[in-house]
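Below, chain A is the first sequence line, B the second, and so on; all start at residue 1.
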Amino acid sequence: MTNNQKLNLFLLVLALLAPSVLYPVFLAKVLCFALFACAFNLLLGFVGLLSFGHAAFLGTGGYITGHLMINSGLTPELAILTGTAAGAALGALFGKLAVKREGIYFAMVTLALAQLVFFIYLQAPFTNGEDGMQGVPRGEAFGLIDLSDNLTMYYFVLAIFVFGYWVINRTVHSPFGQILKAIRDNEDRATSLGYDVNRYKWIAFVISAALAALAGSTKTLVFQLASLTDVHWHMSGEVILMTLVGGVGTIFGPVIGAGFIVTMQNYLSGGELGNYIHIIMGVVFVICVLSFRSGIVGQLMKFKRDNFS
Amino acid sequence: MFDINLFALFGQLLVGLINGSFYALLSLGLAIIFGLLKIINFAQGALYMLGAFIAFLALKYMGINYWAALIIVPVCVGLVGILMERFLIRPIANEDHLYSLLLTFGLALIIQGAFTHMFGSSGLSYAIPEELKGGNRLPFMYLPNYRAWIIIASVAVCFGTWYMIEKTKLGAYLRAGTENPQLMQAFGINVPLIVTLTFGFGVALAGFAGVMAAPVYSVSPDMGSNILIVVFAIVVIGGMGSIGGAILTGLGMGVVEGLTKYFYPEASTTVIFLVMVIVLLLKPAGLFGKEA
């Protein structure tokens, strides 16, 4: 067992025990956003592409899953699977268009496409517009496990998260992932080595979109709600912030970042500072960009490198 | 389709031209800043909103009228921009440009959040100046004076900016700085100063647009973010290769939006994004883009 595997096992045990001290719905929320941020980071951290439109995938997963849970007899895992597939399909379309442009243009194209999706959901009748889809039933996973209990729901979410995290881990450490990193570090060289750069970017985009939709689908079940908040550009900004705080380009960073931001939001929205939440998020953004670019996990890794090796 | 109501059609065209004027002013500011700094200023929308609010507050508490605001507000907003560039953006100028984008995004959140906190999210109204009230009945439409003024003033400012950049010595410095800042510095020209002033000017255009917008749109904290994303799509459509291109695309897309409002209103919020998709498919570099 390598050190990394030991660490992962330790974290898994921690996640299994966590509900004994913390509220399961809160933990499930953290895991959903952690998966969302990990999916986003696959693009930013390992391909160097800044997507400003990931809310579109989170929201699509959520709406499709919610719609199916309300209107069809599908079991939750099948509804989630369909939501994920819908996110992947949308990602395939977005990706085809967005990889035509680089850097800042990539960010603007994804933002604009996500806004297009936002307006479509705003007008489409099945989303209930501003009110959102409320009272989504959680159903019984595989027709056996009743998810209405919050603790059961949490372990269901944990299983999904572990699966998503594993997919990302495998992707990053595969030969495919090596090519992605080569593209990130020097795109021209990757091209000159004969790789079809845009194709690799596109595949990474689809994987990232699918996992973001998986997170959105799961989140809808947890909160029994799918709303426009999840497709709004603020959400695309939030996931960037989570990744940035945790550490861009580290596999575990986005998880820490998501935990940090979700905790902060929960804490603030209860108190009188709730009105300042966007200002505080903006300040955290500015501080991170100005003087904390490697994020929490990035800093820890640097500290470990400097002192223990 | 055949019984076209000319009155309504021209009405929507006018609305389109007005929206287009704001698109043009904002994308022009973005293009100028992008030329020298290679960053997209995400706070451009927030600064446009700031401009509208300064005009509103100046009138309410200090009695500064619209005409004075047209001069004072862009200067104030430009100063805010200069401070932003000097103390926040410059320290990370050598990092990946995506970081500057994220920095301006954070600043936009702060500015928008602060105004939402202070004024709530409902809109405030700003009276049309006395001199521009009323309007003229043309053969095919009614043209309110203030709306005509928006189009004339915006086109004049856009053209003036284009002329300054393309035809004057100052503009030549700017263009040289875009091409090769190191070489220009070697010739003894203070490039960092030019960068700061350019940023200030690009941002001042947003402030100017904000004052112009105050009497026609309601002054509200999210007025900037809504328009900015549309402007981003317009920038992608036009490409940022040319100043003239930014202006023409802005006006043109406003007209496209206006026509859509007449012929198929359901699509009016999405049409510009759809045009962006088509342009990306057919001419990925944008209509006026230079890159491959």
Side-chain angles (χ1 to χ4, degrees), chain A residues 44 48-53 93-94 96-120 122-124 184 198 232-234 236-238 240-241 243-244 248 273-291 293, chain B residues 30 34 38-40 42 46 87-89 91-92 95-117 221 225-226 228-237 239-240 266-274 276-277 279-281 283-286 289 291:
Chain A
L44 179 60
L49 295 175
L50 173 63
S51 161
F52 233 108
L93 286 175
F94 270 38
K96 271 277 177 257
L97 293 165
V99 297
K100 287 172 183 272
R101 305 301 301 265
E102 285 165 16
I104 277 166
Y105 282 102
F106 184 91
M108 288 196 290
V109 169
T110 44
L111 176 62
L113 289 172
Q115 192 72 356
L116 175 65
V117 170
F118 174 84
F119 279 119
I120 292 173
L122 180 66
Q123 291 175 358
R184 174 192 67 189
N198 278 358
H232 196 263
W233 59 268
H234 265 202
S236 299
E238 259 174 47
I240 299 174
L241 184 57
T243 308
L244 202 59
V248 177
L273 283 174
N275 293 328
Y276 295 94
I277 196 146
H278 285 124
I279 306 180
I280 294 172
M281 300 253 300
V283 171
V284 176
F285 237 113
V286 170
I287 292 172
C288 278
V289 172
L290 283 180
S291 52
R293 281 184 292 276
Chain B
L30 286 180
F34 182 81
K38 297 290 173 264
I39 68 163
I40 280 289
F42 220 115
F87 294 105
L88 297 170
I89 296 174
I92 57 165
E95 302 290 334
D96 194 324
H97 292 311
L98 291 178
Y99 283 115
S100 335
L101 173 80
L102 294 177
L103 178 76
T104 55
F105 177 72
L107 291 171
L109 283 182
I110 296 174
I111 299 171
Q112 190 178 335
F115 277 86
T116 310
H117 180 63
S225 57
N226 294 339
L228 186 70
I229 300 178
V230 177
V231 170
F232 278 0
I234 288 170
V235 164
V236 175
I237 293 169
M240 281 199 285
E266 289 82 0
S268 62
T269 48
T270 46
V271 65
I272 291 181
F273 302 114
L274 291 172
M276 182 191 81
V277 169
V279 169
L280 279 173
L281 287 172
K283 199 166 182 299
E291 67 204 292

- Side-chain contact, heavy-atom cut-off 4.5 Å: B/F34 with B/V235? no

- May I ask you to name which of A/I120, A/L122, A/I104 has the most heavy-atom pairs under 4.5 Å with chain B? A/I104

- Query: Does any heavy atom of chain A fall under 4.5 Å from the side chain of B/Y99, the backbone, both, or neither of them?
  - Reply: both

- Find out whether A/L113 and B/M276 are in side-chain contact, i.e. whether some heavy atom of one side chain is under 4.5 Å from a heavy atom of the other. yes

- Query: Should we count OH of A/Y276 as having more than 12 external heavy atoms under 6.0 Å?
  - Reply: no

- Task: Applying side-chain contact (heavy atoms from CB on, under 4.5 Å) between B/L98 and each of A/V289, A/L50, A/I240, A/V248, report the one that passes.
- Result: A/L50

- In terms of heavy-atom proximity below 4.5 Å to chain B, should A/L244 be classed as side chain, backbone, both, or neither? side chain

- Message: I'd like to know which of A/Q115, A/K96, A/H278 tops the heavy-atom pair count under 4.5 Å against chain B.
- Response: A/Q115

- Message: What I'd like to find out is whether the side chain of A/F118 reaches to under 4.5 Å of the side chain of A/W233, using heavy atoms alone.
- Response: no

- Looking at A/M281, A/Q123, A/H234, which one has more heavy-atom pairs under 4.5 Å with chain B than the rest? A/Q123

- Message: Report which part of B/L101 has an atom under 4.5 Å of a heavy atom belonging to chain A: side chain, backbone, both, or neither.
- Response: side chain

- Message: Please identify, among A/I280, A/I277, A/L97, the residue contributing the most non-hydrogen atom pairs under 4.5 Å to chain B.
- Response: A/L97

- Most contacts with chain A, counted as non-hydrogen pairs under 4.5 angstrom, among B/V236, B/I89, B/I92, B/L103: B/L103

- Hey, do the aromatic rings of B/F42 and A/F52 have their centres closer than 6.0 Å? yes

